[in-house]
Protein chains: 2
Amino acid sequence: MSGYELHRVIDESIGNFWSESFGQIYPTLKQLQAKGLVSASEGARLGSKVYSLTELGRFRFREWLGLPAQPQVVRNELLLKLFFGNHADSETVCQQVTQERHRFEADLAHYAGIEARLKADYGGHPGMPYWLMTVNYGKAEAVALIGWCDETLKQIKTLAAKPAEAVR
Amino acid sequence: MSGYELHRVIDESIGNFWSESFGQIYPTLKQLQAKGLVSASEGARLGSKVYSLTELGRFRFREWLGLPAQPQVVRNELLLKLFFGNHADSETVCQQVTQERHRFEADLAHYAGIEARLKADYGGHPGMPYWLMTVNYGKAEAVALIGWCDETLKQIKTLAAKPAEAVR
DNA sequence: TAGCACATGTAATAAGTTACATGATTTT
DNA sequence: AAAATCATGTAACTTATTACATGTGCTA
């Protein structure tokens, strides 16, 4: 597909856990072409290009699938702020946690939408079971962290009510 | 504290969800000093500096605590590979998921260690309840995702056994 | 014909890691 | 005396986003 199309498809399919900008996509496609991993042909419009994996590219792709996935470096601003929670008033901290809870709720709704659209548009596709597994990852995470938000909000309120007991 | 100490303390306290390298720490301390948010004084060693928050710095810090936490852009290589699971054999995919499961188990053990050390070394500290909340976040996430790993591994094995039924 | 979606690409900027260079102090 | 730890700092590099510049082709 074209770089433009690639961008849209990435957003729509794996947007929950991956993203690429045009500034990455276009230069990378050129590099991949230089390495012989993709080939370009004329698109429908003037100046547009349609890329396909070469045989070498497909081989390298499968090779990559077997390489152990590297975990990314996590930077969680909510937790950073929560860590210093005793320097803020409890309302401020609750606001932060509540906002995160809303975010996870929105994620869940989003996942439900994706799942429905996926099943409606691509029923029977061999990739489907794997696509749903990635959605389930997000769901499992969101459900667990909504539970954490609720528990944490309760704890913060308890702390605010009886600050003397909090330190025990 | 000194830049060096800051690096160590960050690793030991909030290392689960935040990290800073020397290449960030030293230039940033200088910038903070230029802005009047921290002040530097002579350390115990020749050439070493000990930084403290100024009153303005402490004010800005509290201000920052109230600003809504921004979620970071997630890039999950495991899910990216899993998404293309139908292009690999099921053993390869299982390996990836199993590796992730090991990672989460290791995280859990790590959190247990942190919690024990925290309670032993800083019992009664007013920050403790908040510190434990950040640990609990990691625990909740890890437990949920270990569950997802188990469920996913089961599904992949089912797919491998009856590929024809998989797509339904 | 105006506006939107399609389409490519580069430059400026941001954010951060790694490696290197250097040296003091403490511990073994 | 050697090794480890404490300590500062810079330069090179990597990775990625955002904004900008430019233009095509369809549709209301």
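To find a chain, count down the sequence lines: A is the first, B the second, and so on, and within it residues start at 1.
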A.B. asks: Return the set of residues passing side chain to side chain donor-acceptor pair (under 3.5 Å) with K139(A) (not counting sequence neighbours), or none when no residue passes.
C.D. replies: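 Checked K139(A) against side chain to side chain donor-acceptor pair (under 3.5 Å); matches are E115(A).
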A.B. asks: Can you tell me how far apart NZ (K81(A)) and OG1 (T92(A)) are? Round to the nearest 0.5 Å.
C.D. replies: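 Separation between the atoms: 10.5 Å.
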A.B. asks: Can L56(B) be reached from V38(B) by stepping across I, L, V, M, F, W or Y side chains whose heavy atoms are under 4.5 Å apart?
C.D. replies: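 Cluster IDs for V38(B) and L56(B) match.
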A.B. asks: Identify, with sequence neighbours excluded, every residue that meets side chain to side chain donor-acceptor pair (under 3.5 Å) alongside Y130(B).
C.D. replies: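 Not a single residue meets the side chain to side chain donor-acceptor pair (under 3.5 Å) criterion with Y130(B).
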A.B. asks: In whole angstrom, give the distance that lies between atom CZ of R8(A) and atom C1' of dA7(C).
C.D. replies: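 Rounded to whole Å, this separation is 12 Å.
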A.B. asks: Between N or O atoms, less than 3.5 Å apart, protein on one side and nucleotides 15-18 of chain C on the other: list the pairs.
C.D. replies:
| unit_1 | atom_1 | unit_2 | atom_2 | d |
| --- | --- | --- | --- | --- |
| dG16(C) | OP2 | Q24(B) | NE2 | 3.2 |
| dT17(C) | OP2 | S21(B) | N | 3.3 |
| dT17(C) | OP2 | S21(B) | OG | 2.7 |

A.B. asks: How about F84(A) and F61(B): are their ring centroids closer than 6.0 Å?
C.D. replies: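 Yes, the ring of F84(A) comes within the 6.0 Å limit of the ring of F61(B), centre to centre.
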A.B. asks: Rounded to the nearest Å, what distance is computed from the CD1 atom of residue I25(A) to the P atom of nucleotide dC6(C)?
C.D. replies: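 One finds 14 Å between P of dC6(C) and CD1 of I25(A), rounded.
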A.B. asks: How long is the line joining CG of L6(A) and P of dA5(C), in whole Å?
C.D. replies: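 Result: 20 Å.
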A.B. asks: Using a cut-off of strictly less than 4.0 Å, decide whether Y4(A) has a side-chain nitrogen or oxygen near OP1 or OP2 of dT8(C).
C.D. replies: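 For dT8(C), neither OP1 nor OP2 has a side-chain N or O of Y4(A) closer than 4.0 Å.
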A.B. asks: Quick one: do the E151(B) and Q155(B) side chains pair a donor with an acceptor below 3.5 Å?
C.D. replies: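 E151(B) vs Q155(B): donor-acceptor pair found between side chains.
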A.B. asks: What is the distance, rounded to the nearest whole Å, between atom CD of Q72(A) and atom P of dT15(D)?
C.D. replies: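 Checked: the CD to P distance equals 14 Å.
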A.B. asks: What nucleotide, of dT8(C), dT10(C), dT8(D), holds the atom closest to the side chain of S2(A)?
C.D. replies: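 Out of dT8(C), dT10(C), dT8(D), the nucleotide with an atom closest to S2(A)'s side chain is dT8(C).
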A.B. asks: Which whole-number value in Å describes the distance from Y26(A) OH to dG23(D) C1'?
C.D. replies: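 So the OH-C1' distance, Y26(A) to dG23(D), works out to 12 Å.
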A.B. asks: So that I can tick it off, tell me whether R58(B) and E55(B) are bridged by a salt bridge, with the cut-off set at under 4.0 angstrom between side-chain N and carboxylate O.
C.D. replies: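 Looking at E55(B) and R58(B), the cut-off is not met.
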A.B. asks: Applying the 4.5 Å side-chain criterion to the ILVMFWY set and letting contacts propagate, would L82(A) and L153(A) be lumped into a single cluster?
C.D. replies: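 Hydrophobic grouping puts L82(A) with L153(A).
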A.B. asks: Can you sort out the partners of W131(B) under side chain to side chain donor-acceptor pair (under 3.5 Å), two or more places apart, ordered by chain and number?
C.D. replies: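 By the side chain to side chain donor-acceptor pair (under 3.5 Å) rule, W131(B) matches no residue at all.
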A.B. asks: How long is the line joining NE2 of H7(B) and C1' of dG9(D), in whole Å?
C.D. replies: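 The answer, rounded to whole Å, is 14 Å.
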A.B. asks: Whole angstrom is fine here: how far is it from CG in L29(B) over to P in dA7(D)?
C.D. replies: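 Going from L29(B) (CG) to dA7(D) (P), I get 13 Å.
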A.B. asks: Sort out for me which residue in H102(A), R103(A), Q96(A) forms a side-chain hydrogen bond (donor to acceptor under 3.5 Å, both in side chains) with E100(A).
C.D. replies: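 The passing option is R103(A).
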A.B. asks: Using the criterion of both pairing distances under 3.5 Å for Watson-Crick and G-U wobble pairs, give all stems of 3 or more consecutive pairs involving DNA chain D.
C.D. replies: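 As far as DNA chain D goes, consecutive pairing (with distances under 3.5 Å) yields the stems C:1-28 with D:1-28.
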A.B. asks: I need the residues from residues 40-50 of chain A with at least one non-hydrogen atom less than 4.0 Å from DNA chain D; give them sorted by number, or say none.
C.D. replies: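 Only R45(A), L46(A) qualify.
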A.B. asks: What is the separation between atom CE on M1(A) and atom P on dA7(C), rounded to the nearest whole Å?
C.D. replies: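 So the CE-P distance, M1(A) to dA7(C), works out to 12 Å.
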A.B. asks: Hey, quick one: are M1(A) and F83(B) part of the same hydrophobic cluster, counting side-chain heavy atoms closer than 4.5 Å, chains of contacts allowed?
C.D. replies: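 Yes, one cluster joins them.
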